[in-house]
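Presented below is the structure to which this report refers.
Just so you know, these numbers use all the heavy atoms, side chains as well, and skip hydrogens, waters and symmetry mates. Below, chain A is the first sequence line, B the second, and so on; all start at residue 1. Here the structure is a predicted model, which means the values were calculated and not measured.
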Amino acid sequence: MNPARPITTFRLGSLLRLQKDPKLALQLFKNPNPEPPLKPFRYSLLSYDLIITKLGRAKMFNEMQEILSQLKEETLFTPKEALFCDIINFYGRAHLPEIALKLFDEMPSFRVQRTVKSYNSLLNVFLMCKDFDKMRELFVGIEKLGKADACTYNLLIRGFCASGRLDDAFKVIGEMTNRGVSPNVITFGNLIYGFCLHSRLKEAFKLKTDMVKIYRVYPNAYIYASLIKGVCKNGDLSLAYRLKEEMIRNKIELDSAIYSTLISGLFKVGRKEEALGVWEDMKVRGCKPDTVTYNVIINLFCKDKDFEAAYRLLDEMVEKGCEPDVISYNVILRELFKEGKRDEANDLFEDMPRRGCAPDVVSYRILFDGFCNGMQFKEAAFILDEMIFKGFVPCSASICKFVNSLCEGKNADLLRLAFNTLEKGKLVTVDLWTMAVAMAYKDDKLSSSFNLVDSLIDDMN
DNA sequence: TTAGGGTTAG
């Protein structure tokens, strides 16, 4: 960097935009010029927006709070409400609803006027966290801020659907129209999605008719996707095809979601060739497959034990700039284990970070269960330790099975190691203790068994 | 980025 050219307010914005690493971006923000400045650096609102959203996306909340405190002291400009919507959303995704609420309450001290937009963002946080009581409580309090809009009611509908209260969800339409808010295509989409999810297809289709007849709102691709998935789950593939034809007739674009649903539905009922036909048709019609579509096809080849084809698809995704995600890998990992290709699976798992994809809780569970089923308990213990260290938890049934196997195999060393690991994750239950103690007593060498129990207890303390 | 669909498995 040329020291003769100090970084200006404007240039900091451009540099922040380019810096992908949030830590480096923060460094740059805090110290734009290495030389001690003659006068304090003047930040732009854009720089604040960029650094705060970068830190929020990276879940670097302490650092983000620090910048927010600094922003609060700026008097030359007032931040936009949209920035606070973003931050509230970041806290929601991190399952920190109380902090989101606190920030919402503090907005006026940033000289930001709260409207129904930030209120809806907050409502969405409690929806994400499945705190439906709190949603209801917030909804009752909205009058203080303004009028609930369609988005507010749509969030409420999702809350009811998520808690299985479909009839209450349906009643929201009446409530909103009574208050002069018109239901929109998202309102009907949410309801149809809920009905389809609970296999109440008749009501879903009735709503699709009524939304047009009564409200003059027309179904879009989102709604067709829910319906197609619903009828596929029911095994009615001909109806799924008819819905697709109806979309073409109504000039609704067949997007990748529609194709993913159809291909997946066809494959699940054993119509593999037809599924591959739709996959070809999709490409012929110029609809670009995305990560989800590729995942559906990868799943198809994996279930067919054609791992070479699955790997080829992973490469094709990278070539086409459509990055494989954790599901792409989990699909392959699961099938590799099912086929007993545990070494190959482990290699792929270990290669994931290099390929730019961090394993998630599902990946770890696949490995842990896979090694247990293959009686590779040492490897299972190793994965267990790694996953618990990362804050992921195995299924309780898997832990039980694992401990049971170690007991049956009288594998005292691994058992001690496993208890140690499980304790770190606070996962040792009474059942597991009972199993270990029973094993100790069953052993004819009673004295050494007491030693085992003692050492298990010692390790805990 | 105020709200919605489709893929793993459970």
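- With contacts defined as side-chain heavy-atom distances shorter than 4.5 Å, the pair A:L55/A:I52 does not qualify.
- A ring-centre distance under 6.0 Å is not found for A:F371 and A:F382.
- The separation of B:dT2 from B:dG6, taken at their P atoms, amounts to 22 Å, rounded to a whole angstrom.
- Between the base of B:dG5 and the side chain of A:D255 there is a donor-acceptor pair shorter than 3.5 Å.
- Proximity of residues 348-369 of chain A to DNA chain B (heavy atom under 4.0 angstrom from any strand atom) is restricted to A:V362.
- Aromatic pair A:F61/A:Y91: ring centres closer than 6.0 Å.
- Pairs engaging residues 198-232 of chain A under the ring pair (Phe, Tyr, Trp, His ring centres under 6.0 Å) rule: A:F188-A:Y215 [sequence neighbours left out].
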(Q) side-chain hydrogen bond (donor to acceptor under 3.5 Å, both in side chains), that's the test. Do A:S328 and A:D325 meet it? Break it down for me. (A) CA-CA 5 Å; A:S328 324; A:D325 65 4; 3.0 Å; yes

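- Inspection of the A:S121 and A:N89 side chains reveals no N or O donor paired with an N or O acceptor under 3.5 Å.
- With A:R355 contributing its side chain and A:L348 its backbone, the two residues share no donor-acceptor pair below 3.5 Å.
- Each of B:dA3, B:dG6, B:dT8 was ranked by its minimum atom distance to the side chain of A:S256; first place goes to B:dG6.
- A heavy atom lying under 4.0 Å from DNA chain B marks the following residues of residues 289-309 of chain A, by number: A:D290, A:V292, A:T293, A:N295, A:V296, A:K303.
- Side chain to side chain, A:E323 and A:T291 fail the donor-acceptor criterion of an N or O pair below 3.5 Å.
- For A:S226, taking side-chain heavy atoms from C-beta onward, the closest of the listed nucleotides B:dT7, B:dG4, B:dG5 is B:dG5.
- For B:dT2, neither phosphate oxygen OP1 nor OP2 lies less than 4.0 angstrom from any side-chain nitrogen or oxygen of A:R114.
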